[in-house]
Amino acid sequence: QVQLVESGGGLVQPGGSLRLSCAASGFALDYHAIGWFRQAPGKEREGVSCLSSSGDNTFYADSVKGRFTISRDNAKNTVYLQMNSLKPEDTAVYYCAADPVGDYARRICSSGLLELWGQGTLVTVSS
């Protein structure tokens, strides 16, 4: 079964860190464009960070630049989003997505047009 499964969400205090994981099954993540998106209540979905299919370019939304890092471990067939210095405004459901095509990370994040999506994991930043 082809699917993406996110994990690692939870409740964290402001200033804390979390690492989200997105495990792929049924296909290899190698050479897939990857995106992390989030949606907070009452807000539109936002492209947080994306990685091109070749892995040679990344994109970060201004709101997370310098705090979040996207990475891919092909051996584990998993993508990660390391989130540091978390803020209450980072509270949202986070989704990972993958597509076999995607050369430009910025465009991947802005369009959100990826083929396969995970079910999401909730991140709550609160004291």
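Basis for what follows: all heavy atoms, side chains included, without hydrogens, waters or symmetry-related copies.
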Over 12 foreign heavy atoms within 6.0 Å of [atom1], [X]:
{"X": "Arg72", "atom1": "CZ", "value": "yes"}
{"X": "Phe27", "atom1": "CZ", "value": "yes"}
{"X": "Arg67", "atom1": "CZ", "value": "yes"}

Would you call [X] and [Y] a side-chain contact if the rule is heavy atoms closer than 4.5 Å?
{"X": "Lys76", "Y": "Ser21", "answer": "no"}
{"X": "Cys109", "Y": "Phe59", "answer": "yes"}
{"X": "Val64", "Y": "Glu46", "answer": "no"}
{"X": "Leu116", "Y": "Gln3", "answer": "no"}

Smallest separation among heavy atoms of [X] and [Y], with atom names:
{"X": "Gly35", "Y": "Leu114", "value": "N-CD2, 4.0 Å"}
{"X": "Glu115", "Y": "Pro100", "value": "OE1-CD, 4.0 Å"}
{"X": "Val101", "Y": "Ala33", "value": "O-CB, 3.8 Å"}
{"X": "Ile108", "Y": "Cys50", "value": "CG2-SG, 3.8 Å"}
{"X": "Met83", "Y": "Val123", "value": "CE-CG2, 3.9 Å"}
{"X": "Asn84", "Y": "Ser17", "value": "OD1-OG, 2.9 Å"}

field: Test: Lys65 and Asp62 ion pair at under 4.0 Å
entry: yes
- request: Let me see the working for Leu20 and Glu6 under side-chain contact (heavy atoms from CB on, under 4.5 Å), right down to the final yes or no.
  value: CA-CA 7 Å; Leu20 304 184; Glu6 301 99 333; over 6 Å; no
Find the distance between [atom1] ([X]) and [atom2] ([Y]) and round it off to the nearest 0.5 Å.
{"X": "Arg45", "Y": "Arg38", "atom1": "CZ", "atom2": "CZ", "result": "13.5 Å"}
{"X": "Ser53", "Y": "Tyr104", "atom1": "OG", "atom2": "OH", "result": "10.0 Å"}
{"X": "Thr124", "Y": "Asp90", "atom1": "OG1", "atom2": "CG", "result": "11.0 Å"}
{"X": "Leu51", "Y": "Thr58", "atom1": "CG", "atom2": "OG1", "result": "7.0 Å"}
{"X": "Thr121", "Y": "Leu18", "atom1": "OG1", "atom2": "CG", "result": "8.5 Å"}
{"X": "Leu11", "Y": "Leu122", "atom1": "CG", "atom2": "CG", "result": "9.0 Å"}

query: Would you call the rings of Tyr95 and Trp117 parallel, tilted or perpendicular, where under 30° means parallel and over 60° means perpendicular?
result: perpendicular
message: Under 3.5 Å, is there a donor on one side chain and an acceptor on the other for Asp103 and Ser52?
response: no
message: Taking Tyr80 as the starting point, is it possible to reach Phe37 by hopping between hydrophobic residues whose side chains are less than 4.5 Å apart?
response: no
query: In terms of hydrophobic clusters joined by side-chain contacts under 4.5 Å, are Val93 and Val12 together?
result: no
Exam field: side chain Asn77 to backbone Ala24, donor-acceptor pair closer than 3.5 Å: yes
field: side-chain contact (heavy atoms from CB on, under 4.5 Å) between Val79 and Cys96, worked out
entry: CA-CA 8 Å; Val79 177; Cys96 69; 6.0 Å; no
- request: Begin from the C-alpha positions of Asp99 and Leu113 and carry the test side-chain contact (heavy atoms from CB on, under 4.5 Å) through to its verdict.
  value: CA-CA 8 Å; Asp99 196 281; Leu113 295 175; over 6 Å; no
query: Asn74 and Tyr31: side-chain contact (heavy atoms from CB on, under 4.5 Å), yes or no, with the steps?
result: CA-CA 9 Å; Asn74 291 335; Tyr31 306 110; over 6 Å; no
